[in-house]
Amino acid sequence: MATATTTANTDVTVIFSEVGFGAGGLDDPRLSEADAERLVSAALDLGVTVFDTARSYGASEERLGRALRGVRDRAVVFTKGGYGIEGAADWTGAAVTRGIEEAIVRLGREPLDGFLLHSCDLQTLERGDVPLALVRAREAGKVRLTGYSGEGAGLAWAAERRETFSVLECSLSPLDQANLALIARAAQGDFCVLAKRPLANAPWRFATRPDREDIAVYWDRLHALGFDPAPLAWDELALRFTAFQPGVTTALVGTTRIEHLASAVAAVRAGALPVDVSERLRGAFAARGRGWPGLV
Ligand SMILES: NC(=O)c1ccc[n+]([C@@H]2O[C@H](COP(=O)([O-])OP(=O)(O)OC[C@H]3O[C@@H](n4cnc5c(N)ncnc54)[C@H](OP(=O)(O)O)[C@@H]3O)[C@@H](O)[C@H]2O)c1
């Protein structure tokens, strides 16, 4: 279930699994240190090679770093930043440079496998100092793969900058299809694409509209789409749709539960959806989801 991929503007070859582990949940206070280690270790046993974390995910970077100590070569870790550095204003070159240095310490990995700008806006990108800091860090051997994580105008700008970025991370699922064309084009330019929110945060779990804003948006979309997933369950349908869209390298599943990661891997092993089902999902979104933007 893993493919070796050489990315844009680098000669770096990396083993990308089709399912990646979105490690934000490692910060969940209900998870002990031992639970976090078990989850990461189970991910490796399931064949997951791609791990995604961020500076803003609380204890996630440090817990992931500790859990992967000693198995460095089996994992490709992407972290994200550009903000939250003491003494450096957010979204400056200094915040990126020092963010990379601090991530190296927190993750215990040097060089970093990947560092992505975490959803800054287009104006920040166009100013130049922030992308330049990323390139300088790559040239200095601090990070192997550079990327942008986000949506909308910033994502579109990054997708045209192969000299700066080789990885894009953006939302994609049956309820979030705005990036489909961009992803397909980006992959032709040798970008690696990490699909975030591949389960659309699983809104089908909730009988009534959830309080959390992003899940509530997807809950509304689920009901507006009116798509019947039968005979599949929604989570299997969502993963088999997302992981096999043209250009997707890895679908990042966020979970705190080993059984959910295992079912995601099993779903993707079942292969792409039948073409007619995938086309019906695209058709439903085109008819009823026009104007629904990618969720940051
Ligand atoms: N760059 C960004 O700004 C950004 C934004 C969002 C996400 N991301 C990245 O993308 C990853 C994935 O996104 P996400 O975590 O927001 O969304 P997601 O993977 O679409 O959904 C995660 C949610 O679905 C639940 N879930 C997972 N498997 C399930 C299953 N089989 N049945 C029912 N519920 C299930 C999880 O709960 P359980 O814990 O109970 O499994 C969790 O609440 C993140 O972890 C992160 O790495 C990045």
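All ligand and atom numbering here is 1-based and tracks the order in the structure.
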Would you call Arg63 and Asp27 a salt bridge, using N to O less than 4.0 angstrom? no
Between Glu61 and Arg109 (salt bridge meaning N to carboxylate O under 4.0 Å), is one present in this structure? no
Are any non-hydrogen side-chain atoms of Val167 and Thr146 less than 4.5 angstrom apart? no
Determine, stepwise, if the pair Glu169 / Arg197 fulfils salt bridge (Lys or Arg N to Asp or Glu O under 4.0 Å). CA-CA 10 Å; Glu169 179 174 322; Arg197 302 184 187 270; over 6 Å; no
Side-chain heavy atoms of Ile100 within contact of Leu134, under 4.5 Å: yes
For atom 1 (N) of ligand 1, state which one of Ala251, Ser149, Ala202 supplies the nearest heavy atom. Ser149
Which protein non-hydrogen atom lies closest to atom 40 (O) of ligand 1, naming both residue and atom, and how far is it? Arg257 NE, 3.1 Å
Proximity of Phe285 and Trp292 rings by center, below 6.0 Å: yes
Taking the non-hydrogen atoms of Phe21, is any one of them nearer than 4.0 angstrom to ligand 1? no
Considering only heavy atoms, which of Glu259, Arg197, Arg205 lies nearest to atom 6 (C) of ligand 1? Arg197
Nitrogen or oxygen of Arg212 less than 3.5 angstrom from that of ligand 1: no
Any Lys/Arg nitrogen of Arg66 or Glu33 sitting under 4.0 Å from an Asp/Glu carboxylate oxygen of the other? yes
Less than 3.5 Å between some nitrogen or oxygen of Val253 and one of ligand 1, yes or no? no
Would you call Glu102 and Arg55 a salt bridge, taking side-chain N to carboxylate O under 4.0 Å as the test? yes
Check Lys196 with Asp52, please: is the shortest side-chain N to carboxylate O separation under 4.0 Å? no
Quick one: nearest non-hydrogen protein atom to atom 44 (C) of ligand 1, plus distance? Gly22 CA, 4.0 Å
Considering only non-hydrogen protein atoms, determine which one is nearest to atom 4 (C) of ligand 1 and report residue, atom name and distance to 0.1 Å. Lys196 CD, 3.3 Å
Could you establish whether Gly25 and ligand 1 come within less than 4.0 Å of each other, counting only heavy atoms on the residue side? no
Among all the protein's non-hydrogen atoms, which is closest to atom 31 (N) of ligand 1, and how far away is it? Asp235 OD2, 3.1 Å
Taking the minimum heavy-atom distance to atom 9 (C) of ligand 1, which of Leu172, Asp52, Thr79 ranks first? Asp52
Can you tell me which residue and heavy atom of the protein come closest to atom 22 (C) of ligand 1, and the distance to 0.1 Å? Gly254 O, 3.0 Å
Any nitrogen or oxygen of Thr255, main chain or side chain, under 3.5 Å from a nitrogen or oxygen of ligand 1? yes
Who's the nearest protein heavy-atom neighbour of atom 16 (O) of ligand 1, and how far? Asn201 ND2, 3.0 Å
For ligand 1, which is the ligand I care about here, please tell me if Ala200 has any N or O atom under 3.5 Å from one of the ligand's N or O atoms. yes
I need the nearest protein heavy-atom contact for atom 11 (C) of ligand 1: residue, atom name and distance, please. Leu252 O, 3.7 Å
Spatial distance of atom CH2 (Trp91) from atom CZ (Arg127) [nearest 0.5 Å]: 10.0 Å
With nothing but distance in play, are any N or O atoms of His260 less than 3.5 Å from an N or O of ligand 1? yes
Taking NZ, NE, NH1 and NH2 as the nitrogens, is one of them in Glu139 or Arg136 under 4.0 Å from a carboxylate oxygen of the other? yes
